[in-house]
Amino acid sequence: MQIRSSRLAGYGHAVPARRVDNAEIEARLGLEAGWIERRTGIRSRHWAVDGETLSGLAAEAGRMALADAGIDSDEIALTLLATSTPDHLLPPSAPLLAYQLGLQRSGGIDLAGACSGFLYALTLADGFVRAHGRAVLVVAANILSRRINPAERASAVLFADAAGAVVLRPCSDPQRGLLSADLASDGSGYDLIHIPAGGSNRPFSRDTPGEDYLMTMTDGREVFARAVALMTRTARQALERAGVRASEVDRFVPHQANSRMFDAVCVNLNIDREKTVSTISMFGNSSAATIPLSLSIANDTRRISPGEKLLLTAAGAGLTGGAVLLCA
């Protein structure tokens with residue numbers, strides 16, 4: 001078979017069993033009932049409990065994607081794990097993930113692309129499949145509940161724990177697979193969402209306040225405005241490069257950061273709201289995991305058919321972002 005592209009062959013997702021409804025967080029922060037849903041579209045999210053691990057959550061999603069693809073473990077040549085919350089700072093978690101899944105012939109590496117990490121991993125996976133003609137497992141997973149500052153309203157109401165996964169296989173049809181991608185970064189917004197301490201710039205220290213090891217969002221409105229602009233711009237570029245009109249998109253799968261955010265992008269792109277895949281209400285914002293989680297849930301609800309055009313877009317800390325246009 002002449003390899004001309006890759007194709008989405010399997011989907012998977014996983015969330016911890018513990019569900020946290022808005023009422024629990026609103027009571028802790030002294031917010032009126034309904035405050036979180038009105039501003040974010042979130043009603044509940046899932047948080048890990050003691051003993052649950054990032055690699056374990058990722059493995060559950062990966063196992064589902066492999067089963068859905070009906071692929072033998074020896075066919076997976078590379079495992080990419082997009083995460084901001086690995087099990088440890090060192091070593092990376094992807095080799096452990098591959099081991100847990102029995103992928104004995106797979107390489108494994110972590111990618112730290114924040115909320116857009118899945119798009120970067122997907123783009124790299126597509127290139128690998130085209131170059132080497134072998135399948136790739138892409139997993140995005142986060143346990144953000146352990147990085148939330150419970151006293152900071154901006155982040156405490158948003159973030160969740162989840163994993164999503166896809167399998168990419170070689171394909172001889174040039175009309176399928178990744179049609180175009182537009183990736184972007186804007187380091188001028190580097191400090192808008194960050195964990196101040198714990199890296200090599202500010203190493204672990206007994207004198208460092210504990211909250212400096214937790215996620216903080218310095219300006220939520222600025223994050224919102226920049227994310228909408230970045231997601232809109234890159235999505236337009238991806239469509240233009242592929243010669244595809246917005247009206248030809250079958251499903252729009254944005255990063256589930258905030259319902260108002262992706263509604264604004266949808267309006268900017270002139271995409272019918274009914275085409276937007278939304279999981280934020282029940283699962284919140286799990287950063288890089290939201291897009292593959294949404295893909296898998298959408299596929300469970302109504303199978304993604306060959307030939308469907310899928311537009312994915314995201315923006316997050318760094319600032320990083322981008323858009324990918326796929327033909328399933």
Verdict with reasoning, Ser278 to Gln256, per side chain to side chain contact (heavy atoms under 4.5 Å, CB included): CA-CA 7 Å; Ser278 176; Gln256 309 287 301; 3.7 Å; yes

Exercise: do Glu152 and Ser155 side chains pair donor with acceptor under 3.5 Å: yes

Between Asn142 and Arg147, a side-chain donor and acceptor under 3.5 Å: no

Check: Ser106 side chain, Leu103 main-chain N or O, donor-acceptor pair, under 3.5 Å: no

Close side-chain approach of Asp250 and Lys275, heavy atoms under 4.5 Å: no

Atom CZ of Arg18: over 12 foreign heavy atoms under 6.0 Å: yes

Donor-acceptor under 3.5 Å (Thr79 side chain, Ala94 main chain): no

Audit row: Glu308, Arg251, salt bridge (Lys or Arg N to Asp or Glu O under 4.0 Å) steps and yes/no: CA-CA 8 Å; Glu308 281 196 50; Arg251 303 198 209 197; 2.8 Å; yes

Name of the residue among Leu295, Leu179, Leu325 meeting side chain to side chain contact (heavy atoms under 4.5 Å, CB included) with Leu310: Leu295

Note, Thr40 side chain near Met261 side chain (heavy atom, < 4.5 Å): no

Closest non-hydrogen atom pair, Cys115 against Gly316: CB-CA, 3.8 Å

Least distance between heavy atoms, Glu26 atom then Ala33 atom: OE1-CA, 3.6 Å

CA sep, side-chain torsions, deciding dist, call: Asn22, Arg45, side chain to side chain donor-acceptor pair (under 3.5 Å): CA-CA 8 Å; Asn22 285 347; Arg45 75 285 292 145; 2.9 Å; yes

Heavy-atom neighbours of Ile109 CD1 exceed 12 at 6.0 Å: no

Hydrophobic cluster identity match, Leu119 and Ile297, side-chain contacts under 4.5 Å: no

Arg153 CZ: over 12 foreign heavy atoms closer than 6.0 Å: no

Residues Asp173, Arg4; criterion salt bridge (Lys or Arg N to Asp or Glu O under 4.0 Å); working and verdict: CA-CA 6 Å; Asp173 184 352; Arg4 296 186 177 180; over 6 Å; no

Distance-only donor-acceptor check, side chains Ser185 and Thr320, under 3.5 Å: no

Greater than 12 external heavy atoms within 6.0 Å of Asp72's CG: yes

Distance (rounded to the nearest 0.5 Å) between Leu137 CG and Leu97 CG: 6.5 Å

Distance-minimising heavy-atom pair for His255 and Ala314: CB-CB, 3.5 Å

Contact check, side chains of Pro292 and His13, non-hydrogen atoms, under 4.5 Å: no

Residues, nucleotides or ligands: over 12 heavy atoms within 6.0 Å of Arg19 CZ: no

Trace of the side chain to side chain contact (heavy atoms under 4.5 Å, CB included) decision for Arg169 with Ile71: CA-CA 9 Å; Arg169 299 186 81 163; Ile71 193 169; 3.8 Å; yes

Hphob cluster co-occupancy, Ile42 + Met215, side-chain heavy atoms under 4.5 angstrom: yes

Met217 and Val223, any side-chain heavy atoms less than 4.5 Å apart: yes

Under the salt bridge (Lys or Arg N to Asp or Glu O under 4.0 Å) test, residues paired with Glu37 that sit two or more places apart: Arg43

Ring centroid separation Phe252 to Phe262 under 6.0 Å: no

Validation row: Glu222, Leu192 side chains within 4.5 angstrom (heavy atoms): yes

Cluster check Val166, Val136: I/L/V/M/F/W/Y, side chain < 4.5 angstrom: yes

Side chain proximity check, Leu66 to Val167, heavy atoms < 4.5 angstrom: yes

Atom OH of Tyr99: over 12 foreign heavy atoms under 6.0 Å: no

His194 (side chain) donor-acceptor with Asp191 (main chain) under 3.5 angstrom: yes

Ser6 and Asp126 side chains, donor-acceptor separation under 3.5 Å: yes

Other residues, nucleotides, ligands: >12 heavy atoms within 6.0 Å of Arg221 CZ: no

Side chain to side chain contact (heavy atoms under 4.5 Å, CB included) evaluation trace for Tyr120 with Leu80: CA-CA 10 Å; Tyr120 279 79; Leu80 299 177; over 6 Å; no

Side chains of Leu214 and Ile195 in contact at under 4.5 Å (non-hydrogen atoms): no

Donor-acceptor contact below 3.5 Å, side chain Thr290 vs main chain Ser286: no

Exercise: do Ser294 and Thr279 side chains pair donor with acceptor under 3.5 Å: yes

Side chain to side chain contact (heavy atoms under 4.5 Å, CB included) assessment of Leu178 paired with Val324: CA-CA 7 Å; Leu178 196 151; Val324 170; 3.8 Å; yes

Ring-face cation of Arg260 near Phe224 (centre distance under 6.0 Å, axis angle within 45°): yes

Test item: side-chain donor near acceptor, Arg226 and Ser188, under 3.5 Å: yes

Val253 with Leu8, same ILVMFWY side-chain cluster at under 4.5 Å: yes

Electrostatic pair Arg303:Asp68 at N-O distance under 4.0 angstrom: yes

Straight-line distance of Asp161 CG to Trp47 CH2, nearest 0.5 Å: 8.5 Å

Same apolar cluster: Leu312 and Leu293, side chain cutoff 4.5 Å: no

Flag, side chain of Thr313 to backbone of Gly322, donor-acceptor distance under 3.5 Å: yes

Residues Asn268 and Thr232: side-chain donor-acceptor under 3.5 angstrom: yes

Note, Leu319 side chain near Tyr190 side chain (heavy atom, < 4.5 Å): no

